[in-house]
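Because the structure is predicted, anything quoted here is derived from the model rather than measured.
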Number of protein chains: 2
Amino acid sequence: MLLALHRATHHTLHALAARLATLDLAGSEVNTLANLADGRPRSVREPSADTGIRATTLTGVLDRLERRGYLVRELDPADRRSFRLTLTAPGRAVAGQVRRAVTDIERDALAGQSGRQLAGYRAVVAALQEVS
Amino acid sequence: MLLALHRATHHTLHALAARLATLDLAGSEVNTLANLADGRPRSVREPSADTGIRATTLTGVLDRLERRGYLVRELDPADRRSFRLTLTAPGRAVAGQVRRAVTDIERDALAGQSGRQLAGYRAVVAALQEVS
DNA sequence: TATTGTTATACTCTATAACTATA
DNA sequence: TATAGTTATAGAGTATAACAATA
């Protein structure tokens, strides 16, 4: 049950990478862009907490995304220890593609599933996130 | 929905590592031991397909597990290109601990869930493994 | 003192390709 | 020719600890 979860993650990350192959993005880059896709500026800590990517890993991810012109880091005037991460126009375009690929996969996978099954899935996944 | 799956994987891998901290095993080592836990000899290809770990990664994983005395590689007399991976007695003991940690986490997570919810979870996870 | 984010180090995991031994 | 598994290389992800700047 737990191992099936891990296999599904492996597999869907692969499917996602294949559908986005032309963008040439690594897993965490895809994840981070999906997280920033709505365009709202965020600190580094926020996507780190949301995705489970460590801050030390995120530094490298953000370096690459910034170098490619997908986002900018600006000092937060309200707290000058932290940044405001903002997607550029090209970054928003790429993030939009990522979001669409994610929802496409979700749609494909859920085609044959009932609402009740989906609810059960959500409940168990939520419970797994609470395990300590 | 898909991102929640990935978060749950991240989180449960973490919980598993924490519960097995004294064993000092990396993620793929845990995964591989869980896969071999029943004691049946296997080729390298089999756990690779079952876990999604690449054969090139598995070589290093098996090297470490062999060096620690948890398994042996023996040439398969029936097909001398391939190995038979067999757990040693210490390897079986460690694999047993891994299995117990996995089932403990599953039990904890499913404590408040109905059979119907679990069935929905299984169905959706299976569907996600079929996405291409 | 605590927090944000970066840097440094060392190790694990992945992708790709080339390689050997065997089938 | 094809398959099982290893090796090599380079990049990506993690853990841990130390650090500067700010709160």
Side-chain angles (χ1 to χ4, degrees), chain A residues 6-7 9-18 20-21 23-33 35 41-68 71-86, chain B residues 6-7 9-18 20-21 23-33 35 41-68 71-86:
Chain A
H6 297 169
R7 272 198 301 278
T9 293
H10 243 131
H11 183 79
T12 53
L13 277 175
H14 225 254
L16 196 53
L20 297 171
L23 298 182
D24 189 30
L25 295 167
S28 284
E29 295 165 10
V30 168
N31 222 324
T32 301
L33 285 171
N35 197 264
R42 284 168 176 74
S43 69
V44 172
R45 221 194 41 138
E46 228 182 304
S48 171
D50 288 350
T51 60
I53 301 172
R54 292 291 179 286
T56 53
T57 306
L58 212 40
T59 294
V61 172
L62 296 173
D63 284 348
R64 292 192 295 274
L65 292 177
E66 192 170 28
R67 202 179 312 132
R68 292 173 71 163
L71 64 78
V72 291
R73 283 169 165 120
E74 299 167 309
L75 267 181
D76 184 345
D79 180 345
R80 283 165 40 228
R81 290 173 305 184
S82 64
F83 293 118
R84 289 156 50 86
L85 306 173
T86 314
Chain B
H6 297 169
R7 272 198 300 277
T9 293
H10 244 132
H11 183 79
T12 53
L13 278 174
H14 225 254
L16 195 54
L20 297 171
L23 298 181
D24 188 30
L25 296 167
S28 284
E29 294 164 11
V30 169
N31 222 321
T32 302
L33 285 171
N35 197 263
R42 283 169 176 75
S43 68
V44 173
R45 221 193 41 141
E46 229 182 304
S48 171
D50 288 350
T51 61
I53 301 171
R54 293 289 180 289
T56 55
T57 305
L58 213 39
T59 295
V61 173
L62 297 172
D63 284 348
R64 292 192 295 272
L65 292 177
E66 191 171 27
R67 201 180 313 131
R68 292 173 72 164
L71 63 79
V72 291
R73 280 189 257 224
E74 300 165 310
L75 267 181
D76 183 345
D79 179 345
R80 285 169 36 232
R81 290 172 305 183
S82 63
F83 293 118
R84 289 154 51 86
L85 305 173
T86 313

Inset, instruction - Would you mind telling me which of C:dT3, C:dT6, D:dA2 lies closest to the side-chain atoms of A:Arg81? - result: C:dT3
Legend entry - B:Arg73 vs D:dG5: side-chain N/O to OP1/OP2 distance below 4.0 Å: no
Legend entry - Short side-chain N/O contact from A:Arg54 to OP1 or OP2 of D:dG13, under 4.0 Å: no
Legend entry - Test item: A:Ser43 side-chain N/O and A:Arg84 main-chain N/O as donor-acceptor pair under 3.5 Å: no
Legend entry - Polar pair under 3.5 Å, donor/acceptor by atom type, side chain B:Arg80, base C:dT22: no
Inset, instruction - Measure the distance from CZ on A:Arg64 to C1' on D:dA10 and round it to the nearest whole Å. - result: 13 Å
Inset, instruction - Specify the separation, in whole Å, of atom NE2 of A:His10 and atom P of D:dG13. - result: 13 Å
Legend entry - Minimum-distance nucleotide to A:His14 side chain [options: C:dT12, D:dA12, C:dA15]: C:dA15
Legend entry - Over 12 non-hydrogen atoms of neighbours within 6.0 angstrom of CZ in B:Arg68: yes
Inset, instruction - Taking only the side-chain nitrogens and oxygens of B:Thr59, find out if one of them lies under 4.0 Å from OP1 or OP2 of D:dT6. - result: yes
Legend entry - Taking every non-hydrogen atom, the tightest pair across B:Thr86 and B:Glu74: OG1-OE1, 3.6 Å
Legend entry - Passing option when A:Arg54 is tested against A:Thr57, A:Leu58, A:Thr51 for side chain to side chain contact (heavy atoms under 4.5 Å, CB included): A:Thr57
Inset, instruction - Let me know, please, whether B:Arg84 or A:Glu29 comes out on the 5' side of the other along DNA chain D by nearest nucleotide. - result: B:Arg84
Inset, instruction - Starting at atom CG of A:Asp63, determine the distance to atom P of D:dG11, rounded to an integer number of angstrom. - result: 15 Å
Legend entry - 5'-most by nearest nucleotide on DNA chain D - A:Asp79 or A:Thr56: A:Thr56
Inset, instruction - Quickly work out the A:Leu75 CG to C:dT6 C1' distance and round it to whole Å. - result: 13 Å
Inset, instruction - May I have the distance from B:Arg42 (atom CZ) to D:dG5 (atom P), rounded to whole angstrom? - result: 13 Å
Inset, instruction - Evaluate the side-chain proximity of B:Leu23 to B:Glu29: yes if any heavy-atom separation is below 4.5 Å, no if none is. - result: no
Legend entry - Any B:Ser28 side-chain nitrogen or oxygen under 4.0 Å from OP1 or OP2 of C:dC13: yes
Inset, instruction - State whether B:Arg45 places a side-chain N or O below 4.0 Å from either non-bridging phosphate oxygen (OP1 or OP2) of D:dG5. - result: no
Inset, instruction - Round to the nearest Å and state the distance from A:Asp76 atom CG to C:dT3 atom P. - result: 18 Å
Inset, instruction - Would you classify B:Ser43 as touching base, sugar-phosphate or nothing, given that sugar-phosphate means primed atoms plus P, OP1 and OP2, and contacts are heavy atoms under 4.0 Å? - result: sugar-phosphate
Legend entry - Under 4.0 angstrom between A:Thr57 side-chain N/O and D:dT14 OP1 or OP2: yes
Inset, instruction - Rounded to the nearest angstrom, tell me the gap between atom CG in B:Asn31 and atom P in C:dT14. - result: 9 Å
Legend entry - Distance, rounded to the nearest Å, where B:Leu13 contributes CG and D:dA15 contributes P: 10 Å
Inset, instruction - With heavy atoms under 4.0 Å as the rule, sort A:Gly60 into base, sugar-phosphate or nothing. - result: nothing
Legend entry - B:Thr9 and A:His10 side chains, donor-acceptor separation under 3.5 Å: no
